[in-house]
Amino acid sequence: MLDKRYDPHQVEAGKYDSWKSKGYFTAGDKTKQPFSIVIPPPNVTGKLHIGHTIDTTIQDIIARYKRMQGYDVLYLPGMDHAGIATQAKVMQKLVQNGVDVTKITRDEFLKWAWDWKKEYAESIHEQWAKMGLSLDYTRERFTLDEGLNYAVRTVFVELYKKGLLYQGEKIISWDPVQQTALSNIEVIHQDDKGNMFYFKYPIVGTNEYLTVATTRPETMFGDVCVVVNPKDERYKKFVGMKVINPANGDELPIIADEYVDLEFGTGAMKCTPAHDPNDFIIGEKYGFAKPIIFNKDATMNSLCGKYEGMDRFECRKALVQQIKEDGNLVKIEDIIHPVGHSERNNCVVEPMLSKQWFVKMRPLADQALANQKKSGKVNFVPERFEKVFTQWMENVEDWCVSRQLWWGHRIPAYYNKKTGEVVVSVEPPKDIENYEQESDVLDTWFSSALWPFSTMGWPNKTADYDRYFPTNVLVTGYDIIFFWVSRMIFQSLEFTKHAPFKEVVIHGLVRDAQGRKMSKSLGNGIDPIQVIEQYGADALRYFLTTNSTPGQDMRYIDEKVQASANYLNKIWNSARYVLGILPESFKEEELDLSKLSPLDRWVINRLETTIKNVTYNMDRYDFNAASSHLYNFVYDDFCSNYLEMSKVALNSNDENKINATYQTLFKCLKNIILLIYPYTPFIAEELYQNLPAHLESVMLESYPLFDKKLMDTTNDKEVELLFDLIKDVRNYKIDNKLAPNLSLQLSINFKIKVFDDFLTYLKRFTFSDIKEVGKEIVNSQGDLFMHPHADMLINNESGKAEMIERIKKEIATLENEIARCEKMLSNPNFIDKAPKEKVELEQNKLASHKKNLEDLTAKLKNLQ
RNA sequence: GGAUGCUUAGCUCAGCUGGGAGAGCAUCACCCUUACAAGGUGGGGGUCGGGGGUUCGAGCCCCUCAGCAUCCACCA
């Protein structure tokens, strides 16, 4: 017997371990069709947040749904080493523990990092378990595993051989805090307050000067020339002459190039090839030197004279002051301009010339774009996100993949100690003593990009790779379409000749109750574990996956999680009721419509329709729509209507009637459990285990298939009439301030045939006596209720006056409706152009309204 | 400067290929009716952001304006 109240803690305890130990999560049943999903590997940097929860819950819902549909589902778990993020955290911890991090070696650090990984992997496992994710732990991977490392090395070397990966000196984004290069997308451009400084650059041999504007005066130590537009009449005469750099007195040539915008700033631009991507291009074009003026920590270097060693922003201030004192400051404007920040630590990144490894993107991107026009394309859900992908791919620049870190896949390039020659190979050169391996590691996303196939054993031809790759669906947030989704697609196409997944389901972000992004600085993050403690994992899962449309952001609202828990409590209690009344001897039978009552048939039809609608929406990954169909069935059809009504049949003495009711109740309950199961596996399992007959676990059940044969609507009119009449009486009592259980006298004139027990039901749910049936009731005293299929008179002393009022009101609404119909039907365009059925529908409506109006008018006349 | 999404009840959101607007929470009234008071039965509350257009018919399609949000972008 179930407890009176649904207690998520009790329900959820122990179930996960039981599922896991019985091997239900383990893929490999060769008799079934394979279906695979890989988890987006979370970073081993800390606790999982609510964003992970929505992501993995959707995956788990799909996995459980597909498993029930008879697929051999592989839901593959794993984690990401998260290079920069983890290294920063481990370093921080070391510093806190008093370790002098400047003295530790690479190997020592890596030992610490692996310890860290072990610790956090454990906590992530615990969280996955709490959320109930049906992950196949026998196939768990880590992005730094030996197997994955082999895949990474293979890809690196192959790309290199194909000329798709190269070492080059280019302007990259430098993170001076982590002291590593970053890729473009790891730089966040945000609008910051800043200044536009206007300086005089005196022209050598004249009394004139050029005014040059800059936002970064400190880079003036790296200036090599001043550029103007060749068409600029103001400056034409100066081209070829020289100016004095007011920062250090260097003479710089004035050159002309189309790149400079006549309109912008002063039309004269300083050129710093080593610290600006555009200036770099000009520097290349005209063969200038490219002096680097920063140290790795973005302090000024020896080229900066007395500013050497000074922080870049300090230097900016001091230099502006100096230029001002020298009389070369024209003005300073306050501006708001985009400034690049490191995604990880928010420091201002510095564009810097640097020798790094790059992936040549154009051919890979083109391949990915071309694939979207073929049959093997990746299907984006919702579709619009394909645009995000396309746009990025069309404009992508070469990907800087080397990082000056320790924690990561070390680049498989080896420098000959004598000649400096580079050897790139999967295995180290045989005479390794003559070589030194590249100290840089790869961007974390380089290994994540291989995830769907490296986890399956690639480049080895493994059984898993053959069976589960390409994967069926990938689920992730729209925020990592660039970082991850697109990179998986082009790497996979290049190396496996397949897109890595057939579909990619994109979900929105979880925001706080005010709609703000959750962030550490705001402290508005939600810890899923705390929510689970309060409401249970099922309620959290249900809330997260059913409260927004696909791809749309959602707000975390505590009351909604509670509402989800209330819904589960509703299901719980309906189950408690049904299971409480089923006799010991109950045996599920195939439903035989001919043995069912009209009410039974009505609810079974509603159930089958619900199964159909839920399945349709599950297949479209529209969990909001799917769940709301089920919700409506549970509350309205099953609990409010059928379950209450069924009590009448159960009170009868008719064995057959009673058994039919049992069968119907059971069928509804069982299907509710199975339909809700992918969302809320814990409570579903608990209820399932309490069914009179069941398999070892709900996980072994099949997903309901709707049965057309059971969708019988012949009695719907009668059943709905019953509901309507009951509602009328209830309303009547409330309107007249009568006690809900007060017995009234009703007289009814049916206009359609009703089923045998109709009046029994009506009596029971209106607490009323039915005195006259099937007679003309207009002349009686009381309140009359009009219905297309029946008139009902409630005998009441209030009498005529109220009845007249009611009829008049009814006449007014009918007249409105008739006017509307007539307007439509008198429009020749409507008759001509609207579909036949629609026209007929309106015609029928009109006829019926007119008939009712006629009747009512007659009745009114009689009364007055 | 491009791109996308959003604007519907007091709040948070649904409304599929156009055919008389829904849910949850909140609110009001009445009920401890033998599954559920974390409940039940009812009620109130919306010129669907503004304007224009297409259509017999627009919350839905087109144009336009406004506001909010997000992403992309090297203008010194």
Side-chain angles (χ1 to χ4, degrees), chain A residues 2 4-6 171 184-185 189 196 212-216 219 227 259-261 263-272 276-281 337-338 340 351 382 384-385 387-388 391-392 395 478-479 481-482 508-509 511 513 515-517 535 546-549 551-555 557 559-560 562-581 616-617 620 622 624-625 628 631-632 635 639-640 643-644 647 726-727 730-731 733-735 737-741 765 767 817 820 823-835 837-839 841-842:
Chain A
L2 296 170
K4 184 165 180 183
R5 191 188 268 185
Y6 158 59
I171 301 279
N184 297 350
I185 51 174
H189 291 276
M196 182 70 84
V212 175
T214 180
T215 53
R216 297 192 297 153
T219 63
V227 194
Y259 172 75
V260 174
D261 184 345
E263 308 294 325
F264 190 84
T266 63
M269 183 189 88
K270 71 189 218 41
C271 175
T272 322
D276 183 286
N278 297 306
D279 294 8
F280 176 84
I281 293 167
H337 63 148
R384 70 182 132 93
F385 288 107
K387 263 190 194 170
V388 178
Q391 209 171 20
W392 191 66
N395 301 303
Y478 59 71
D479 52 332
I481 292 177
F482 304 142
L509 271 35
R511 299 171 170 278
R516 298 173 304 178
K517 219 168 167 174
Y535 299 108
T546 63
N547 273 282
S548 80
T549 29
Q552 209 62 37
D553 288 354
M554 68 178 304
R555 302 185 188 205
I557 294 174
E559 293 79 47
K560 287 203 176 189
Q562 198 177 333
S564 304
N566 290 349
Y567 172 45
L568 299 181
N569 185 54
K570 186 77 182 174
I571 293 178
W572 177 270
N573 271 294
S574 62
R576 194 167 78 93
Y577 168 76
V578 173
L579 297 173
I581 57 158
Y616 172 76
N617 285 297
R620 309 171 69 209
D622 190 344
N624 177 343
S628 87
Y631 182 94
N632 291 334
Y635 264 95
C639 291
S640 295
L643 202 143
E644 292 299 332
K647 292 172 184 172
I726 291 169
K727 197 172 173 179
R730 283 173 173 166
N731 275 328
K733 288 182 179 175
I734 285 171
D735 287 349
K737 313 266 183 239
L738 301 174
N741 57 357
F765 289 98
F767 299 91
E817 281 300 300
R820 190 185 69 81
K823 192 182 160 199
M824 272 176 102
L825 290 166
S826 67
N827 183 339
N829 284 324
F830 176 71
I831 305 290
D832 290 349
K833 294 177 182 174
E837 313 85 70
K838 184 69 191 168
V839 177
L841 186 73
E842 289 301 325

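Order of the sequence lines fixes the chain letters, A, B, ..., with proteins taken first and strands second; residue numbering starts at 1 for each chain. Below, each value reflects all heavy atoms present in this structure, side chains not excepted, and no hydrogens, waters or symmetry copies.
Within the 4.0 angstrom heavy-atom criterion, no nucleotide atom of any strand lies near A:Pro828. Using a 4.0 Å heavy-atom criterion, one finds that A:Cys271 contacts no nucleic acid atom at all. As judged by a 4.0 angstrom heavy-atom cut-off over every strand, A:Ala565 is placed among residues making no nucleic acid contact. Contact annotation for A:Ile734: base contact, defined as any heavy-atom pair under 4.0 Å involving a base atom. A:Val260 comes within 4.0 angstrom of a base, heavy atoms only. Among the atoms of the strands shown, only primed sugar atoms or phosphate atoms (P, OP1, OP2) are found under 4.0 Å from some heavy atom of A:Asn827. Backbone-only engagement by A:Gln552 is indicated by non-hydrogen atom pairs under 4.0 Å involving sugar-phosphate atoms exclusively. Looking at heavy-atom distances under 4.0 Å, A:Arg511 makes contact with sugar-phosphate atoms alone, never a base. At the heavy-atom level, A:Thr272 lies nowhere under 4.0 Å from the strands shown. Contact annotation for A:Asn569: backbone-only contact, meaning every heavy-atom pair under 4.0 Å involves sugar-phosphate atoms and none involves a base. The residue A:Tyr635 sits close only to the backbone: its heavy atoms come under 4.0 Å of sugar-phosphate atoms, none of a base. As judged by a 4.0 angstrom heavy-atom cut-off over every strand, A:Leu643 is placed among the base-contacting residues. Nucleic acid contact class of A:Glu837 (heavy atoms, under 4.0 Å, all strands): none. Using a 4.0 Å heavy-atom criterion, one finds that A:Thr266 contacts no nucleic acid atom at all.
Taking side-chain N and O atoms only, A:Arg5 has no distance below 4.0 Å to OP1 or OP2 of B:C36. Between A:Arg216 and the phosphate of B:A76, there is no side-chain N or O to OP1/OP2 separation shorter than 4.0 Å. Residue A:Lys570 places no side-chain N or O under 4.0 Å from the OP1 or OP2 atom of B:C36. Considering only side-chain N and O atoms, A:Lys4 lies under 4.0 angstrom from the phosphate OP1 or OP2 of B:A37. Applying the 4.0 Å criterion to OP1 and OP2 of B:C36, one finds that A:Ser574 has every side-chain N and O outside that range. Residue A:Thr214 has no polar side-chain atom (N or O) positioned under 4.0 Å from OP1 or OP2 of B:A76. OP1 and OP2 of B:A23 both lie 4.0 Å or more from every side-chain N or O belonging to A:Lys560. In terms of phosphate contacts, A:Arg730 brings a side-chain nitrogen or oxygen within less than 4.0 Å of OP1 or OP2 of B:G42. At the phosphate of B:U55, neither OP1 nor OP2 sits under 4.0 Å from any side-chain N or O atom of A:Asn829.
B:G44 and B:G5 have their P atoms separated by 37 Å, given to the nearest Å. Across the C1' atoms, B:A9 and B:C48 are found 10 Å apart, a figure rounded to whole Å. Taking the C1' atoms as reference points, B:U41 lies 14 Å from B:C32, given to the whole Å. Atom name C1', nucleotides B:C6 and B:G49: the rounded distance is 11 Å, in whole Å. Between the P atoms of B:U7 and B:C13, the separation comes to 9 Å (whole Å). Here the separation of B:A26 from B:G45, taken at their C1' atoms, is 12 Å to the nearest Å. Spacing of C1' atoms, B:U70 relative to B:G50, comes out at 24 Å, to the nearest Å. Taking atom C1' on both nucleotides, B:G15 is separated from B:C71 by 27 Å, rounded to a whole Å.
Residue A:Ala834 places its side chain closer to B:C56 than to any other of B:C72, B:A76, B:C56.
Taking only distance into account, the side chain of A:Glu644 meets the base of B:A35 through a donor-acceptor pair shorter than 3.5 Å. Below the 3.5 angstrom threshold, one finds no donor paired with an acceptor across the side chain of A:Lys387 and the base of B:U4. For B:C74, the base has a donor-acceptor partner in the side chain of A:Tyr259 [N/O atoms by modelled type, under 3.5 angstrom].
Proximity of a side-chain donor or acceptor of A:Ser640 to a complementary backbone N or O of A:Tyr635 within less than 3.5 Å is detected. Between the side chain of A:Asn573 and the main chain of A:Asn569, a donor-acceptor pair closer than 3.5 Å is present.
Between the side chains of A:Tyr259 and A:Asn278, at least one donor N or O lies within less than 3.5 Å of an accepting N or O. Under 3.5 Å, the side chains of A:Asp553 and A:Tyr478 contain a donor-acceptor pair of N or O atoms.
For A:Leu738 and B:G42, the CG to P distance is 16 Å, given to the nearest whole Å.
Of all nucleotides present, only B:C13 satisfies the Watson-Crick or G-U wobble test against B:G22, with each distance under 3.5 Å. With a cut-off of 3.5 Å on both Watson-Crick or G-U wobble distances, the partner of B:A38 is given as none. Pairing for B:U4 goes to B:A69, judged as Watson-Crick or G-U wobble with the two contacts each under 3.5 Å. Figure legend. B:C74 is base-paired to no nucleotide; pairs are counted as Watson-Crick or G-U wobble with both atom distances under 3.5 Å.
A:Arg730 places none of its side-chain heavy atoms less than 4.5 Å from the side chain of A:Pro740.
A:Lys270 contributes atom NZ, which lies 7.0 Å from atom CZ of A:Arg216 (distance to the nearest 0.5 angstrom).
No cation-pi contact links A:Lys647 to A:Phe765, judged by a cut-off of 6.0 Å to the six-membered ring centre and 45° from its axis.
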